[in-house]
Amino acid sequence: MGDSAYSFSLTTFSRTGKLLQIEYALNAVANGRTALGIAAVDGVVIATDKKFASALVEGEDVSKVEAITDSSGFVYAGVGPDYRVLVRKARKSAQAYFREYRETKPVGQLVKSTASVMQEYTQSGGVRPFGVSLLVAGIDGDGVPRLFQVDPSGAYFGWKATAIGKNYVNAKNFLEKRFQDDMELEDAIHTALLTLREGFEGEMNGHNIEVGVVSKSDGKFRLLTPEQIQDYLDEAN
Amino acid sequence: MSRDSNYDHHISIFSPQGRLYQMEYAFKAASSASGLTGIALRGKDTCVVVTQRKVPDRLVVPSSVSHVFNITSKIGCLATGMIADCHSAIQRARYEAADFEFKYGYSIPPAVLAKRMADIAQVNTQSASMRPLAVVMMIVGVDEEKGPQVLKVDPAGHFLPFKGTASGAKEQEATNFLEKRVESIPEYSFDETVRTAIVCLGSVLGSDFRGSEIEVAVVQGVQGKFQSLTEEEIEGHLNAIADEND
């Protein structure tokens with residue numbers, strides 16, 4: 001990546017020892033739309049809002065939550081076009097893993113390789129860091145639900161519950177109050193929707209939020225349909 | 001580069017607030033460089049694109065001044081922005097469409113092409129070696145499964161499908177016009193789609209025009225070809241619009 005004319009890193013240390021481009025990338029993430037995730041004992045849920053600038057957009061098939069393997073998926077906060085690059089690379093790497101090992105790439109491995117890509121873009125010549133933080137949700141063969149956050153620096157953390165993007169501080173406080181270690185997936189989905197509602201402008205319905213779920217019962221990552229989301233919202237009311 | 005604040009205006013790196021100035025400037029160049037406004041609309045089985053044709057000099061051959069391009073025989077594009085960047089983007093789009101058909105044996109769906117062009121645009125926002133292109137592409141075509149589609153690709157690498165959208169100098173006014181009709185647009189017939197697009201352009205420019213002063217191009221139905229309307233055909237629609245207003 002990058003041209004030979006730019007064979008020097010654009011991300012360099014400041015006098016105080018900071019990597020400013022990474023900090024600025026984190027600011028880009030903090031300006032992005034809120035996304036959150038909760039890991040329950042029997043599954044993981046990730047959710048975000050789905051708002052477009054105009055009623056003219058045909059948004060039914062447009063999605064921020066993306067499946068990477070059968071049993072894992074991503075959501076993001078930050079710069080959309082950068083996210084697409086990471087999704088594409090992750091899917092390709094998962095496919096290459098399957099070709100070699102004939103097993104689905106485990107979530108932890110997926111996180112490591114994606115984080116490694118993001119780190120490369122903080123050090124390679126002529127490129128800037130990715131302006132996204134990712135939430136990675138999945139269940140491996142061992143049946144343990146996992147939720148990870150990956151930052152523009154390439155650092156990654158495992159979470160029980162977390163939020164990224166605008167308003168993430170309030171969202172995380174809200175989650176901290178409500179999270180229980182023995183939480184089940186159904187409760188987690190309700191809590192996720194309640195947390196989203198905190199920062200939501202206007203009325204939430206099945207068409208203006210996205211929810212991705214992976215459950216221990218079948219180990220498959222799927223997006224909830226608008227009707228399913230509406231059912232959960234109606235139950236919450 | 002510890003004092004990043006100046007370079008962030010010159011190449012695609014983050015500003016302290018997390019903005020990408022080069023990308024924002026590319027947007028500005030795309031909307032104001034040509035001074036044109038473009039509109040794309042999709043009805044029940046038809047897609048239409050409309051824009052002004054501003055011939056800079058009487059000696060210029062009018063047919064050589066165009067922002068409307070075929071990418072394949074069935075997919076068209078209205079490219080607003082700096083015309084040289086438009087030509088570059090269109091050349092690449094034509095290559096990508098042809099390469100897809102060669103590799104996979106069927107014509108590229110409009111949305112797949114739009115995503116590919118958007119991913120290509122994204123590279124220029126992350127790599128310092130090339131600036132983003134000052135082009136907003138509105139790719140139109142009739143998908144076999146999804147029907148008529150309008151997809152807008154911008155310098156940042158965003159792309160979205162629209163029922164109707166606009167770009168260029170009067171983008172906001174044109175979008176407001178279309179938003180008022182958002183419920184009825186997807187059901188429009190061929191004539192309604194074409195005439196609404198033309199009326200929209202007329203209303204935001206605040207003036208009437210002749211058939212030679214605008215470009216209109218359509219594609220109708222899955223088997224349809226993307227082609228520009230002749231001056232006579234445009235005049236026909238303009239007359240019909242005038243009659244409806246009387």
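The sequence lines fix the lettering, A, B, ..., with proteins before strands; numbering per chain opens at 1.
- With no hydrogens or angles considered, a side-chain donor-acceptor pair links S63(A) and E210(A) at under 3.5 Å.
- Side chain of N170(A) to main chain of N173(A): no donor-acceptor pair is present (N/O by atom type, distance under 3.5 Å, no hydrogens or angles).
- Counting heavy-atom pairs closer than 4.5 Å to chain B, the top-ranked of the candidates P81(A), G80(A), A28(A) is P81(A).
- Of the two parts of F130(A), the backbone and the side chain both hold a non-hydrogen atom closer than 4.5 Å to a non-hydrogen atom of chain B.
- Per-residue counts of heavy-atom pairs under 4.5 Å with chain A were compared for Q122(B), H158(B), E179(B); the largest is that of Q122(B).
- Between the side chains of K105(A) and T69(A), no donor-acceptor pair is found at a separation under 3.5 Å.
- Taking the centre of each ring, F14(B) and Y24(A) stay at or above the 6.0 Å mark.
- Among N27(A), V79(A), D61(A), L56(A), the residue making the largest number of heavy-atom pairs under 4.5 Å with chain B is L56(A).
- Of the atoms belonging to S15(B), it is backbone heavy atoms, and not side-chain ones, that fall under 4.5 Å from chain A.
- Contacts of K146(B) with chain A are made by side-chain atoms alone, with heavy-atom separations under 4.5 Å and no backbone atom involved.
- Checking S12(B) against T125(B) by side-chain atom types alone, no donor-acceptor pair falls below 3.5 Å.
- In this pair, Y106(B) and F100(B) present their aromatic rings perpendicular. The plane angle is above 60°, beyond the 30 to 60° band.
- For L160(B), the part lying near chain A is the side chain, with the backbone staying farther off; criterion is any non-hydrogen pair under 4.5 Å.
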